[in-house]
Amino acid sequence: MEKIVIIVGPTGVGKTSLSISLAKTFNGEIISGDSMQVYKEMNIGTAKVRNHEKEDIPHYLIDEFHFNEDYNVKVFQQKAREYIKLIQEHHHLPIICGGTGLYCKAAIYDYTFLEQAEDTSFMQFLQTCSHDELWSLLTIIDPKVCEVIHPNNKQRIIRALSMAHNGEKKSDIIEAQEHIPIFDVYVVGLTMEREHLYERINQRVDQMMADGLLDEIKQLVNKHEDVWSLQSFQGIGYKEWKPYFEGNATIEECVELIKKNSRNFAKRQYTWFRNQMQVHWYDIEDDHYKEEIQNDIKKYLGEE
RNA sequence: GGGGGGGUAGCGAAGUGGCUAAACGCGGCUGACUGUAACUCAGUUCCUUACGGUUCGGCGGUUCGAAUCCGUCCCCCCCCA
């Protein structure tokens, strides 16, 4: 079975730089497992790799979508797997690098996403329902998922309803799966002391401002009528600016919010990677963590 | 010096005799997550595994019972001088 390395961890630990150094030592090519870095023209706020940092390593799923397009797990999974194949045809090592937990898991686990026709009339119908109505509808249509979805989680309820409407219940799909990786994969997780991480995140946001985050936002705002409703603008570092452009917040307030949201996000990422996937963790505050990772990957690649 | 307001859990802020270890918000922590996932949602947050223990600026009273009433002391803010 062909091998894959995947790098995960919270925002700001240094996944990007590790991915490049691993790609160089192991002849790798990098696939981004990130829901925001796919968007062109969104560079500073997504902490995207700069071109000069890429060191001629091929990168995939970065700058592949226009910021007014939608992106989702299904699209990601399909493309990521195509690129894995492509890289293996090059006889190179696929390295998935990203912080979007669901995407990283979907790339390598036996998650399946069906073709789904847009049924706008049904979605509109759901919009007219109250929260309680949606929930009771779901308890009738797919009672089994109701054990897994919290009654308050409207977004998930609607998704489950539309899946059932599309012909396949969410509970059936999940039941049909084995919940195991379909690839031979080594998962590298980067971590560091929480407090230090938070400091680093704060500093990184300040650096983004110094690098011209606000200018980046202004340019995008001028290119589209209502950027704030775009999926790409739900990303941290972008959505927080809406009140500023509406005259309801200062720059400083927006920056603080971005820092806070980034910290909260980092915590959620930990929760995902600790509990949803089998990760080999490395503390970047250990002096020799890079060598350890390289040695462990060498061993992993040497196994047959 | 005179007058007024105030000191409540990490922070903000309710509570003005028992139902209060103390609403609520923020922050923190933990968790869930299968097409918005940088999303959405849940739990928890004085100490203690528990029994229980210690709290509402300090000390001392009143009371069966006090964050809440009284006395006193300390600190902060505003106004007058």
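Letters A, B, ... are given to chains in the order of the sequence lines, protein chains preceding strands, and every chain is numbered from 1.
- Checking B:rA37, B:rU34, B:rA32 against the side-chain heavy atoms of A:Arg268 singles out B:rA32 as nearest.
- Across B:rG7 and B:rU68, the matching C1' atoms stand 15 Å from one another, rounded to whole Å.
- The nucleotide whose nearest atom lies closest to any side-chain atom of A:Ser35 is, among B:rU36, B:rU40, B:rA38, B:rA38.
- For residues 30-47 of chain A, the pairs satisfying salt bridge (Lys or Arg N to Asp or Glu O under 4.0 Å) are A:Glu41-A:Lys223, with sequence neighbours left out.
- Taking A:Tyr244 as the reference, A:Trp241 meet the ring-ring contact (aromatic ring centres under 6.0 Å, His included) condition, with sequence neighbours excluded.
- Residue A:Gln231 places at least one side-chain N or O under 4.0 Å from the OP1 or OP2 atom of B:rA37.
- In this structure, CG in A:Asn68 is found 11.0 Å from CZ in A:Phe233, a value given to the nearest 0.5 Å.
- Contact annotation for A:Ser262: no contact, since no heavy-atom pair falls under 4.0 Å across all strands.
- If you check residues 210-219 of chain A against RNA chain B, you find no residue with a heavy atom closer than 4.0 Å.
- Across all strands shown, A:Phe76 has no heavy atoms under 4.0 Å from either base or sugar-phosphate atoms.
- Rounded to the nearest Å, the gap between the P atom of B:rA22 and that of B:rG52 is 15 Å.
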Original post:
Between A:Ile293 and A:Leu190, is a side chain to side chain contact (heavy atoms under 4.5 Å, CB included) present by the stated rule, with each step listed?
Top reply: CA-CA 10 Å; A:Ile293 293 172; A:Leu190 258 30; 3.9 Å; yes
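- In terms of position along RNA chain B, the nucleotide closest to A:Tyr111 lies nearer the 5' end than the nucleotide closest to the other residue of the pair A:Lys154 and A:Tyr111.
- A:Glu175 comes within 4.0 angstrom of no nucleic acid atom, judged by non-hydrogen atoms across all strands.
- Between A:Asn152 and the phosphate of B:rA42, there is a side-chain N or O to OP1/OP2 separation shorter than 4.0 Å.
- Sorted by first and then second residue, the pairs that involve residues 150-180 of chain A and meet ring-ring contact (aromatic ring centres under 6.0 Å, His included), not counting sequence neighbours, are A:Phe122-A:His165.
- For A:Tyr60, the ring-ring contact (aromatic ring centres under 6.0 Å, His included) test picks out A:Tyr83, with sequence neighbours left out.
- Pairs engaging residues 11-23 of chain A under the side chain to side chain donor-acceptor pair (under 3.5 Å) rule: A:Thr11-A:Arg204 [sequence neighbours left out].
- In the hydrophobic clustering of ILVMFWY residues, with side-chain heavy atoms under 4.5 Å counting as a link, A:Leu214 and A:Leu257 come out apart.
- Not counting sequence neighbours, the partners of A:Lys259 by the salt bridge (Lys or Arg N to Asp or Glu O under 4.0 Å) test are A:Asp206, A:Glu256.
- Under the salt bridge (Lys or Arg N to Asp or Glu O under 4.0 Å) criterion, A:Lys74 pairs with A:Glu115, not counting sequence neighbours.
- Nearest to the side chain of A:Trp272, among B:rA38, B:rC41, B:rC33, sits B:rC33.
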Every protein N/O within reach of nucleotides 28-30 of chain B N/O, cut-off under 3.5 Å:
residue: B:rG28; atom: OP2; partner: A:Asn264; partner atom: ND2; Å: 3.1
residue: B:rC29; atom: OP1; partner: A:Arg194; partner atom: NH1; Å: 2.9
residue: B:rC29; atom: OP1; partner: A:Tyr198; partner atom: OH; Å: 3.1
residue: B:rC29; atom: OP2; partner: A:Tyr198; partner atom: OH; Å: 3.2
residue: B:rU30; atom: OP2; partner: A:Arg194; partner atom: NH1; Å: 3.2
residue: B:rU30; atom: OP2; partner: A:Arg194; partner atom: NH2; Å: 3.3

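- For the segment residues 276-286 of chain A, residues with any heavy atom less than 4.0 angstrom from an atom of RNA chain B are, sorted by number, A:Gln276.
- Position along RNA chain B of the nearest nucleotide to A:Phe113 versus A:Tyr238 favours A:Phe113 as the more 5'-ward residue.
- Among the protein residues, A:Tyr109 comes within range of no part of the nucleic acid, since none of its heavy atoms lies under 4.0 Å from any strand.
- For residues 15-55 of chain A, no residue pair satisfies the ring-ring contact (aromatic ring centres under 6.0 Å, His included) rule, not counting sequence neighbours.
- With sequence neighbours left out, the ring-ring contact (aromatic ring centres under 6.0 Å, His included) criterion links A:Tyr103 to A:Tyr71, A:Phe76.
- Among the protein residues, A:Gln77 comes within range of no part of the nucleic acid, since none of its heavy atoms lies under 4.0 Å from any strand.
- Contacts of A:Gly99 with the nucleic acid, taken as non-hydrogen atoms under 4.0 Å apart, involve only primed sugar atoms and P, OP1 or OP2.
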